[in-house]
Amino acid sequence: MTHTERAVVVLEDGSVYSGGAYGARGRALGEIVFSTGMTGYQETFTDPSYHGQIIVMTAPHIGNTGVNEEDAESRRYWARGVVIRDPARRASNWRSNGELEDALAEQGVVGVRDVDTRALTRHLRQAGVMRAGVFSGSALPSGAAEGGAAAREALADIVRGSAGMVGANLSGDVTTPERYTIEPDGPAVATVVAVDLGIKSRTPERLAERGARVVVVPAGTAFAQIEAIGPDGVFFSNGPGDPAAATREVDLLRLVLDAGYPFFGICFGNQILGRALGYGTYKLDYGHRGINQPVLDRATGRIEITAHNHGFAVDAPVEGTSVAPFDGGRYGRVRVSHVGLNDGVVEGLACLDIPAFSVQYHPEAAAGPHDASYLFDRFMSLMRDGALHGSEVG
């Protein structure tokens, strides 16, 4: 592809960053966020949690390893737009079967290259993430790339008129259209129902590696349908959007907890557990996104390097043990099990009186790190030793 075409990134505060067109041409509107991962760009762009977002890659050189058919985390590219500094001239990896830019173009992901992503990231850290737009091709008005004030203000007005992430209920956009099952290699030792709120493909695989038969069901599946499967445990996945808008999922989880099923949630699933327990959630200024985030496991004192992708967090007491506020303490005592070391954000919840726990980060991280993979073992132990429902497996 030729790279003489211009493109711009326009933020809702009027900031403009110019570069060259990359991937698909056109217009992409969404919340602009930054990811600090040095590797795993294909996994990032195919992560359903990035639905509705424009991703700024802080690693300067992107595209070196191309793309392949094995590393995608879902059935499509969910990033609405991408912003990079220095794209690779060509892919150079034995596993590659295509170029990143071609894949982005085929998937309709509008991108921009040759942007000072360090300056853009510093601006987002100071001002907070916000709505933005990437404009190229026929969507880029004459003069905008060259600094024309009127053209740039017109683009900023388009951005300001777009939808924000607060109040967005997006799990229905990214969930599987129909139920499917991931079988273990050997005899099944447990059955897990995984509610797909934007699940990554590696997650059920990590459970299946430990002997679980994983039945992945769409968001909106009724509790009676989950019970009919006869699970030993229930899992809520990662996903995009504002947890305050996910009232249906919160109601479903309360039914799961009331029935005594062992529960494990990650990312969006952690936020849903927090709200089901009666705690609030809030939007972070710029969120945590990348594969190098330090988290303290308060039970062991161990510091884990973890993979994150979240812009909202649970508002629960970090110190000591609290009683879950919902319905006069119906779910008993809760402890914040993990804390982010960069900013003290709640990164995990452990229920002390019911068989339920969750973490805000991604223990399945396909591009690494794998410090937190023990959490899948913990869930398997909870199903084995906790309030099992005796499903027939094998």
Side chains of [X] and [Y]: do they bring a donor and an acceptor to under 3.5 Å?
X: S96; Y: N68; answer: no
X: N93; Y: T65; answer: no
X: S136; Y: R6; answer: no
X: E347; Y: H288; answer: yes
X: Y50; Y: E31; answer: no
X: N64; Y: Y41; answer: no
X: S18; Y: R152; answer: yes

Supply the atom-to-atom distance [X] [atom1] to [Y] [atom2], rounded to the nearest 0.5 angstrom.
X: L341; Y: E304; atom1: CG; atom2: CD; value: 10.0 Å
X: T191; Y: L207; atom1: OG1; atom2: CG; value: 11.5 Å
X: F326; Y: Y279; atom1: CZ; atom2: OH; value: 13.0 Å
X: D116; Y: R122; atom1: CG; atom2: CZ; value: 10.0 Å
X: C351; Y: L273; atom1: SG; atom2: CG; value: 5.0 Å
X: L253; Y: I272; atom1: CG; atom2: CD1; value: 8.0 Å

Quick check: does any side chain N or O of [X] sit under 3.5 Å from a backbone N or O of [Y], one acting as donor and the other as acceptor?
X: Q225; Y: A222; answer: yes
X: S15; Y: L11; answer: no
X: S171; Y: L197; answer: no
X: T175; Y: P218; answer: no
X: R118; Y: T58; answer: no
X: Q107; Y: Y77; answer: yes
X: S74; Y: T46; answer: yes
X: T121; Y: T117; answer: yes
X: D196; Y: T176; answer: yes
X: H310; Y: F312; answer: yes

Hphob cluster co-occupancy, [X] + [Y], side-chain heavy atoms under 4.5 angstrom:
X: V359; Y: V345; result: no
X: L296; Y: V336; result: no
X: F34; Y: L284; result: no
X: V189; Y: F376; result: yes
X: I354; Y: L349; result: yes

Could [X] and [Y] be called an ion pair, given the rule that one side-chain N must be under 4.0 Å from one carboxylate O?
X: E249; Y: R254; result: no
X: R25; Y: E101; result: yes
X: K283; Y: D242; result: no
X: D353; Y: R333; result: yes
X: R90; Y: E99; result: no
X: R95; Y: D71; result: yes
X: R160; Y: E12; result: no

Fill in: Mutual orientation of the aromatic rings belonging to Y361 and H308 [parallel < 30°, tilted 30-60°, perpendicular > 60°]
parallel
Worksheet item: Relative to F264, does R378 satisfy both conditions: NZ or CZ under 6.0 angstrom from the six-membered ring centre, and within 45 degrees of the ring's axis?
Response: no
Fill in: Ring-face cation contact, W78 with R76, 6.0 Å cut, 45° max
yes
Any side-chain heavy atom of [X] sitting closer than 4.5 Å to one from [Y]?
X: L100; Y: I62; value: yes
X: F268; Y: S49; value: no
X: V33; Y: I54; value: no
X: D47; Y: N238; value: yes
X: R298; Y: V339; value: yes
X: V334; Y: L352; value: no
X: R27; Y: V110; value: no
X: P231; Y: V215; value: no

Item to complete: Just do the side chain to side chain donor-acceptor pair (under 3.5 Å) check on E5 and Y22 with the steps written out, would you?
Response: CA-CA 9 Å; E5 298 177 65; Y22 187 75; over 6 Å; no
Worksheet entry | side chain to side chain donor-acceptor pair (under 3.5 Å), paired with Q360, selected from N309, T306, N270 | N270
Taking everything shown except [X] itself, do over 12 heavy atoms lie less than 6.0 Å from its [atom1]?
X: R75; atom1: CZ; value: yes
X: R85; atom1: CZ; value: no
X: D327; atom1: CG; value: yes

Discussion item. What verdict does the side-chain contact (heavy atoms from CB on, under 4.5 Å) test give for F135 and V159, after you've listed the backbone C-alpha separation in whole Å, the side-chain angles of each residue and the deciding distance to 0.1 Å?
Written reply: CA-CA 11 Å; F135 302 88; V159 170; 4.1 Å; yes
Item to complete: Check the pair R125, D285 against salt bridge (Lys or Arg N to Asp or Glu O under 4.0 Å), reporting the backbone distance first and the verdict last.
Response: CA-CA 8 Å; R125 278 182 55 89; D285 288 339; over 6 Å; no
Discussion item. Using the rule given for side chain to side chain donor-acceptor pair (under 3.5 Å), can you reason through D232 versus Y261, listing the C-alpha separation, both sets of side-chain angles and the distance that settles it, and then say yes or no?
Written reply: CA-CA 7 Å; D232 294 302; Y261 289 106; over 6 Å; no
Worksheet item: Going through the checks in order, is the side-chain contact (heavy atoms from CB on, under 4.5 Å) test met by I158 and L155?
Response: CA-CA 5 Å; I158 293 173; L155 296 181; 4.2 Å; yes
Worksheet item: Please walk me through it: do F235 and F263 pass ring pair (Phe, Tyr, Trp, His ring centres under 6.0 Å)?
Response: CA-CA 6 Å; F235 172 84; F263 172 79; 7.7 Å; no
Item to complete: Evaluate the criterion salt bridge (Lys or Arg N to Asp or Glu O under 4.0 Å) for residue pair R206 and E364; output intermediate values, then yes/no.
Response: CA-CA 7 Å; R206 295 294 179 257; E364 85 294 334; over 6 Å; no
Practice prompt. Decide side-chain contact (heavy atoms from CB on, under 4.5 Å) for L140 and V8; before the verdict, give the C-alpha distance in whole Å, the side-chain angles of both, and the deciding distance to 0.1 Å.
Written response: CA-CA 8 Å; L140 181 64; V8 296; 3.5 Å; yes
